[in-house]
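The figures that follow rest on heavy atoms only: side chains count, while hydrogens, waters and symmetry mates do not.
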Amino acid sequence: MTRTYWAAGTAVLLALLFAAAATVTAASDGDGEGSGPSGRAPGLHSPDAGFARDMAVHHQQAVEMSFIVRDRTKDEPVRGLAYDIANTQANQRGMLLGWLDLWGLPKVVADEPPMSWMGSADQHGGHAGHDAGGHGTGGHGTSGQDTAGHDMGGAAAKPGALMAGMATKEELAQLGAAEGRDAEVLYLQLMTDHHKGGVAMAQGCAAQCKTPAERDLARGMVEAQQSELTLMADMLKQRGAAPRG
């Protein structure tokens, strides 16, 4: 394995260790509800809640893609990377959903477009003034056609994708049908796009979220995923490929 791979592996381990500590910290904040500095739980449409909901969905696809590629190649570096990503992001996803439970907030909000929390307050429309909101598919519904291709807080989702960096259903199907080097290259390219979108989202939370443990987790995500982006660029180069434009 290359030195870059070991560096990324270290970043993943640190992210996992931090994630466990962050859960305990958030649970003990304020009145034990994972609240922010004021002792109050974040509001329904706050950046804290929006990031937790959206990143949980974003992470779930990364886990899915990682499990797919582990069945499509015997290449140990790619399988090892996929294993690390799946474990790290599944762990972090559990934390994010756990915080929503601690805050007494739903995990999906039907009238909330994905990543709308990354915009300014006036972009939330009427959301800023109320805390009610039904959760159906959470704005994370079905195909994401209401937001795909639009700029959300500076991070754009491509047509057919729910959020920035996420793969489309067609791309997931292509990954599931590919084998060997083709599967490795497509996975690395899709995950590179996925990480770039995830980094933009995490940077948004680091700047806007009020819950200290969540901000710290977001910063840890940025560092770990940027390290993995370097690793994946090297792995693509080794396979005669490159990240997609």
Side-chain angles (χ1 to χ4, degrees), residues 1-2 4-20 52-98 114 140 144 157-158 160-202 217-218 220-239 241-244:
M1 295 186 212
T2 65
T4 306
Y5 182 82
W6 282 110
T10 301
V12 168
L13 177 60
L14 290 174
L16 282 169
L17 292 173
F18 178 80
R53 283 190 292 266
D54 284 349
M55 191 57 86
V57 174
H58 206 269
H59 273 18
Q60 180 58 35
Q61 189 183 75
V63 172
E64 179 184 357
M65 291 194 297
S66 296
F67 278 120
I68 290 174
V69 80
R70 280 177 59 83
D71 292 333
R72 309 307 298 173
T73 180
K74 297 184 182 301
D75 184 84
E76 285 306 317
V78 171
R79 286 170 56 84
L81 174 65
Y83 180 83
D84 286 343
I85 289 174
N87 274 278
T88 299
Q89 298 210 13
N91 178 288
Q92 292 173 345
R93 182 174 185 272
M95 288 178 55
L96 295 166
L97 295 177
H140 306 323
K158 62 191 172 188
L162 185 61
M163 283 180 259
M166 290 185 69
T168 64
K169 291 181 180 179
E170 292 75 16
E171 288 170 329
L172 292 177
Q174 290 172 7
L175 180 61
E179 292 185 7
R181 178 193 172 279
D182 290 343
E184 296 160 19
V185 168
L186 182 56
Y187 171 76
L188 293 169
Q189 290 174 332
L190 291 175
M191 193 59 73
T192 293
D193 293 344
H194 203 273
H195 271 25
K196 288 178 179 178
V199 166
M201 292 169 65
L217 177 63
M221 289 179 184
V222 172
E223 293 177 5
Q225 292 193 24
Q226 285 178 335
S227 178
E228 287 173 344
L229 282 169
T230 300
L231 168 62
M232 290 189 289
D234 288 345
M235 295 175 78
L236 282 167
K237 186 175 181 180
Q238 292 166 7
R239 290 160 178 78
R244 303 189 298 186

Given side chains that start at C-beta, do those of Q225 and Q89 come closer than 4.5 Å, heavy atoms only?
yes
Would you indicate whether the side-chain heavy atoms of M201 and M163 approach each other to under 4.5 Å?
yes
Check whether any side-chain heavy atom of V69 lies under 4.5 Å from a side-chain heavy atom of L188, and answer yes or no.
no
R181 (side chain) donor-acceptor with R239 (main chain) under 3.5 angstrom:
yes
Using 0.5 Å steps for rounding, measure from the CG atom of L186 to the CD atom of E171.
7.5 Å
Who passes side chain to side chain donor-acceptor pair (under 3.5 Å) against E179, sequence neighbours left out?
R72
Side chain to side chain donor-acceptor pair (under 3.5 Å) partners for Q60, two or more places apart
R93
Restricting to side chain to side chain donor-acceptor pair (under 3.5 Å), what partner residues turn up for T73, sequence neighbours left out?
E184
Nearest heavy atoms of A202 and M221, plus distance in Å
CB-CB, 4.1 Å
Between A167 and L190, the two heavy atoms sitting closest are CB-CD2, 4.2 Å
What is the minimum heavy-atom distance between A56 and L97, and which atoms define it?
CB-CD2, 3.7 Å
Check: V199 main-chain N/O paired with Q226 side-chain donor or acceptor under 3.5 Å:
no
For V185 and A241, the nearest pair of non-hydrogen atoms, with its separation, is CG1-CB, 3.7 Å
Heavy-atom distance under 4.5 Å between the side chains of M95 and N91, does that happen here?
yes
Roughly how far, to the nearest 0.5 Å, is CE of M191 from CE of M232?
6.5 Å
Separation between CD1 of I68 and CE of M65, rounded to the nearest 0.5 Å
8.0 Å
First locate atom CD of E228, then atom CD1 of I85, and finally report the distance between them rounded to the nearest 0.5 Å.
4.5 Å
I'd like to check the salt bridge (Lys or Arg N to Asp or Glu O under 4.0 Å) partners of R70; sequence neighbours left out, ordered by chain and number.
none
Show every salt bridge (charged side-chain N to carboxylate O under 4.0 Å, His left out) that has at least one partner inside residues 190-200, sequence neighbours left out.
D193-R244
Give me the atom names and distance for the closest heavy-atom approach of S66 to A86.
CB-CB, 3.9 Å
Can you tell me which residue pairs pass the ring pair (Phe, Tyr, Trp, His ring centres under 6.0 Å) test with a partner in residues 164-195, sequence neighbours excluded?
H58-H194
When you measure from the side chain of S227 to the backbone N and O of E223, does any donor-acceptor pair fall under 3.5 Å?
no
Where do A157 and A164 come nearest, in terms of heavy atoms and distance?
CB-N, 3.8 Å
Is the closest side-chain heavy-atom distance between L217 and L96 below 4.5 Å?
yes
